[in-house]
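Note sheet for the following structure.
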Amino acid sequence: MPPFLLLTCLFITGTSVSPVALDPCSAYISLNEPWRNTDHQLDESQGPPLCDNHVNGEWYHFTGMAGDAMPTFCIPENHCGTHAPVWLNGSHPLESDGIVQRQACASFNGNCCLWNTTVEVKACPGGYYVYRLTKPSVCFHVYCGHFYDICDEDCHGSCSDTSECTCAPGTVLGPDRQTCFDENECEQNNGGCSEICVNLKNSYRCECGVGRVLRSDGKTCEDIEGCHNNNGGCSHSCLGSEKGYQCECPRGLVLSEDNHTCQVPVLCKSNAIEVNIPRELVGGLELFLTNTSCRGVSNGTHVNILFSLKTCGTVVDLRFR
């Protein structure tokens with residue numbers, strides 16, 4: 001089916017013009033690139049990481065070598081042709097549910113949901129899905145597609161005499177009565193996790209916040225008691241003392257609000273942002289923002305990046321406390 005770009009039609013009756021919304025199940029843009037599939041690992045020797053900066057609030061359908069639908073489990077970084085692959089953090093709806101909202105997460109640096117946004121999903125007659133995808137605020141993010149198991153090919157279960165598919169543990173039967181979709185265990189009682197539940201392919205795992213670790217039950221969390229345990233949860237140096245421990249950062253970095261993670265100091269001004277990074281931390285790398293024309297300038301000891309809030313693709317998020 002060729003892609004459709006217009007989602008509304010105008011019907012002229014007399015002197016009035018009435019917009020009529022089209023069903024997104026028949027008015028969508030196809031995403032069929034092979035590199036978009038979860039099985040595709042990024043190889044920068046064959047080209048730079050890709051970005052979905054052309055995606056901008058239209059309805060999309062995954063097809064061809066891209067996959068059947070979006071994955072509903074955490075995808076490791078450097079997959080789907082990019083650094084930060086985007087997956088659907090929630091189950092696919094039923095046809096009777098109509099259009100529903102779901103969270104979409106980008107995985108990077110060991111965090112399955114380092115960045116997130118809200119997308120819309122609809123189950124269509126015929127057993128496929130369409131998605132209204134928002135434009136990522138930064139690169140490199142790509143919405144992933146995934147091939148799900150089909151009953152008459154590789155269900156890891158059995159097809160009974162009544163042609164009913166039996167899906168493997170951790171999966172549920174889709175609306176087409178053939179496809180086995182991943183079951184999101186985190187949607188039920190947070191998977192039994194006391195803090196963070198991360199959905200995986202046919203499974204899930206529990207995680208803890210910064211400065212805390214999982215107990216032996218794999219579900220509840222406890223405070224880290226010292227530097228001997230996972231470096232105290234510190235991203236860099238951990239210093240023990242009689243009263244406990246504290247995290248410290250190398251010269252040029254500062255502790256973030258969680259008191260465990262070191263980050264580059266960022267100076268926010270009324271109309272600009274300034275970042276100064278010690279040259280020794282940069283080495284021979286060249287620093288630039290998503291907009292590659294916005295580059296760092298070295299003064300010998302530091303690399304300075306100074307840019308206006310109205311340039312370099314900056315997105316301003318106003319929050320009032």
Side-chain angles (χ1 to χ4, degrees), residues 3 28-90 92 102-121 128-148 181-182 184 196 198-202 205 207 263-264 275 282 285-296 305 307 312-315 317:
Y28 55 77
I29 300 171
S30 294
L31 298 176
N32 56 13
E33 303 91 344
W35 47 259
R36 193 179 290 279
N37 190 270
T38 53
D39 288 336
H40 185 92
Q41 295 191 33
L42 176 63
D43 183 358
E44 294 197 51
S45 66
Q46 298 182 6
L50 299 162
C51 181
D52 267 340
N53 52 12
H54 65 283
V55 171
N56 195 17
E58 304 287 355
W59 284 95
Y60 297 88
H61 170 49
F62 290 84
T63 186
M65 295 303 295
D68 308 317
M70 285 188 67
T72 55
F73 49 87
C74 179
I75 305 300
E77 61 186 271
N78 295 325
H79 282 70
C80 306
T82 194
H83 286 315
V86 182
W87 56 284
L88 194 68
N89 189 13
H92 282 91
R102 293 288 187 265
Q103 182 188 60
C105 289
S107 308
F108 191 69
N109 198 28
N111 188 333
C112 284
C113 202
L114 186 62
W115 169 90
N116 70 83
T117 188
T118 299
V119 301
E120 293 182 342
V121 189
Y128 64 94
Y129 300 95
V130 290
Y131 309 82
R132 176 176 277 172
L133 305 178
T134 58
K135 183 177 183 178
S137 59
V138 297
C139 278
F140 295 94
H141 293 167
V142 162
Y143 289 99
C144 293
H146 181 70
F147 284 122
Y148 287 92
F181 287 94
D182 180 77
N184 192 337
I196 303 169
V198 179
N199 192 47
L200 305 173
K201 184 177 181 181
N202 302 349
R205 71 167 180 259
E207 294 183 351
Q263 64 182 24
V264 173
V275 181
V282 178
L285 298 177
E286 183 178 11
L287 298 184
F288 52 86
L289 304 180
T290 301
N291 184 335
T292 56
S293 64
C294 300
R295 298 175 178 270
I305 303 178
F307 55 96
C312 300
T314 305
V315 177
D317 184 8

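Not measured: the values here are computed from a predicted model.
- Between the side chain of Asn109 and the backbone N or O of Asn111, no donor-acceptor pair lies under 3.5 Å.
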- Item | Derivation and outcome, side chain to side chain contact (heavy atoms under 4.5 Å, CB included), residues Asp52 and His141 | CA-CA 6 Å; Asp52 267 340; His141 293 167; 5.9 Å; no
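- Taking the six-membered ring where tryptophan is involved, the planes of Tyr129 and His92 are tilted, since the angle between them lies from 30° to 60°.
- Nearest approach of Ala66 to Asn37, heavy atoms of both residues: O-ND2, 3.1 Å.
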- Query: Could you go step by step and tell me if Arg102 and Met70 meet the side chain to side chain contact (heavy atoms under 4.5 Å, CB included) rule?
  - Reply: CA-CA 12 Å; Arg102 293 288 187 265; Met70 285 188 67; over 6 Å; no
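- A side-chain donor-acceptor contact under 3.5 Å links Asn78 and His83.
- Using a distance-only test at 3.5 Å, with no hydrogens or angles considered, no donor-acceptor pair links the side chain of Arg36 to the main chain of Val142.
- Taking the six-membered ring where the residue is Trp, Phe73 and Tyr148 present perpendicular rings, their angle passing 60° and hence far from 30°.
- Across every non-hydrogen atom of Cys144 and Pro71, the tightest pair is O-CD, 3.2 Å.
- A ring-centre distance under 6.0 Å is found for Tyr131 and Phe62.
- Side chains of Asp182 and Asn199: a donor-acceptor N/O pair is present below 3.5 angstrom, by distance only.
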- Just do the disulfide bond (SG atoms under 2.5 Å apart) check on Cys74 and Cys105 with the steps written out, would you? CA-CA 8 Å; Cys74 179; Cys105 289; over 6 Å; no
